[in-house]
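One-based numbering, in listed order, for ligands and for the atoms of each. Throughout, residue positions are numbered sequentially from 1 according to the sequence presented.
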Amino acid sequence: MNNPLPENPSDPCEVLDRIFREMVDKGFHVPSANYFGLMNPTPTYIGVMAEALVAALNPQLATVKRSQIASKIEHETVRWIGERVGWLKSDFSGTFTSGGNEANFTGLALALAAKFPSFIDDGAVSTGAQPVFYASGEAHHSIDKSAGLLGIGRKALRRIPVNEHIQLDLDRLKQAITNDRRLGSLPFCVVATAGTTNSGAIDDLVAIAEICRQQNLWLHVDGAYGGAAVFSDQHRHLVHGIELADSITIDPHKWLAVPLAAGVILTRYPEMLERVFAVAAPYMPKAAEARGIDNSRISTQWTRRMNSLKLWLTLEVHGRQAYEEHIDHQMKLAQSFVTWLKSSVYFELATPQLLPIIAFRLKPNGMNHEQLASKHAQIVDQVTRDGTRWISETRVAGKSVLRMMVISYLTEEGHLTALQQSLESVATALIHGPGQGATAPL
Ligand SMILES: *Cc1c(COP(=O)(O)O)cnc(C)c1O
């Protein structure tokens, strides 16, 4: 991929052959059943169709007037998600985003606008002191980024250590709020995570909501991945309390298995979305001309593609019940992997398993953190080397873990068994020396 810019046309079949060879034959296959990776799914077929349709029809979501049906479908999809959260139709608003990053950014902007009414017009300086907010040490880095971009500075984020369940520690949260107030800073928000990226931990949403209520803080729940549990009747309890949030991030392009990109921000304070984003401009149709809220008044984006059709079509074609089964199936596979870990000679669960994300490790047997981390890196390297499958190494609360998650709806028990065999065989060779594991398939 080091060619000069093409000046002249080429035969499209030849070019497509070339790109297929690169991207299909040699590419990294996120939609594989053996991708135990980060949160990118195998997209639904109808979702892929939706993407082609959207590309061809090219609806411009900025204004209702120029997108009509597309905007209506989008509003309906947002409403379905909010109703699954447990909110009443008339009480919330939201919009599709490019993903969790933009949704979290928006959630923090809403929090600032709600707690400091002149923030949007007059800027951070109008608050008179340093606004600060809280999230666990395991929360996603998009909130650091957002704090920087929103002008309150990355240091405004107080990262609160986690407890043994990898949840934001509530006592330390309360202490930090008290300390900050005493020092003259202005606490305005808590970002609770429903499904951390590293290990799938879920903060105590009900308790955090109560602290936010007492302390007059905005509660944003980052459920980019785990928030989708609201689509399951059986597993909804995992994110119990999510309905108490002031704003919520849910990414359909994660657990709901639609193609990239689709995130959603929802809020119980529709007027805050407009406070943050509505700007008048002469080329915009007057509000009175159109029915329904223009996306540009509630979103960071102006020109925006239709990110909702792939979810809308998936729901229309398969029904919510398909997500019920999809989520349950992945939960069962995760539990089966945990059962295997319990019987494993070499490996053990490193953090509690709640969602289909499993943080595990070599049994330390006297190894220190650094030795363990280095062994984990070697294991990942060897298990993934031939390109059959993908797992990763990460750190939870500072400690090295191996990480796998079930994210593809194509993944079945057999894929887990093959991964387990590969892990056992690599660990045998690593611990007892080369030759020992060589007969087992890598
Ligand atoms: C993936 C993720 C994000 C970021 O979402 P993108 O869609 O990748 O921008 C934010 N928070 C959590 C907890 C995530 O897992």
Problem - Pairing of Glu348 and Lys363 as salt bridge, 4.0 angstrom limit - result: no
Problem - Pairing of Asp169 and Lys174 as salt bridge, 4.0 angstrom limit - result: no
Problem - Salt bridge flag under 4.0 Å for residues Glu271 and Arg275 - result: no
Exercise for the section: Under the salt bridge (charged side-chain N to carboxylate O under 4.0 Å, His left out) rule, collect the residues that match up with Glu51, sequence neighbours excluded. Expected result: Arg305, Lys310
Problem - Protein residues that have a heavy atom under 4.0 Å from any atom of ligand 1, sorted by chain and number - result: Met39, Gly99, Gly100, Asn101, Asn104, His140, Ser142, Gly195, Thr197, Asp222, Ala224, Asp251, His253, Lys254
Exercise for the section: For the pair Phe28 and Tyr35, name the ring-plane relationship: parallel under 30°, tilted 30 to 60°, perpendicular over 60°. Expected result: perpendicular
Exercise for the section: Indicate, with yes or no, if the rings of Phe231 and Trp255 have centres closer together than 6.0 Å. Expected result: no
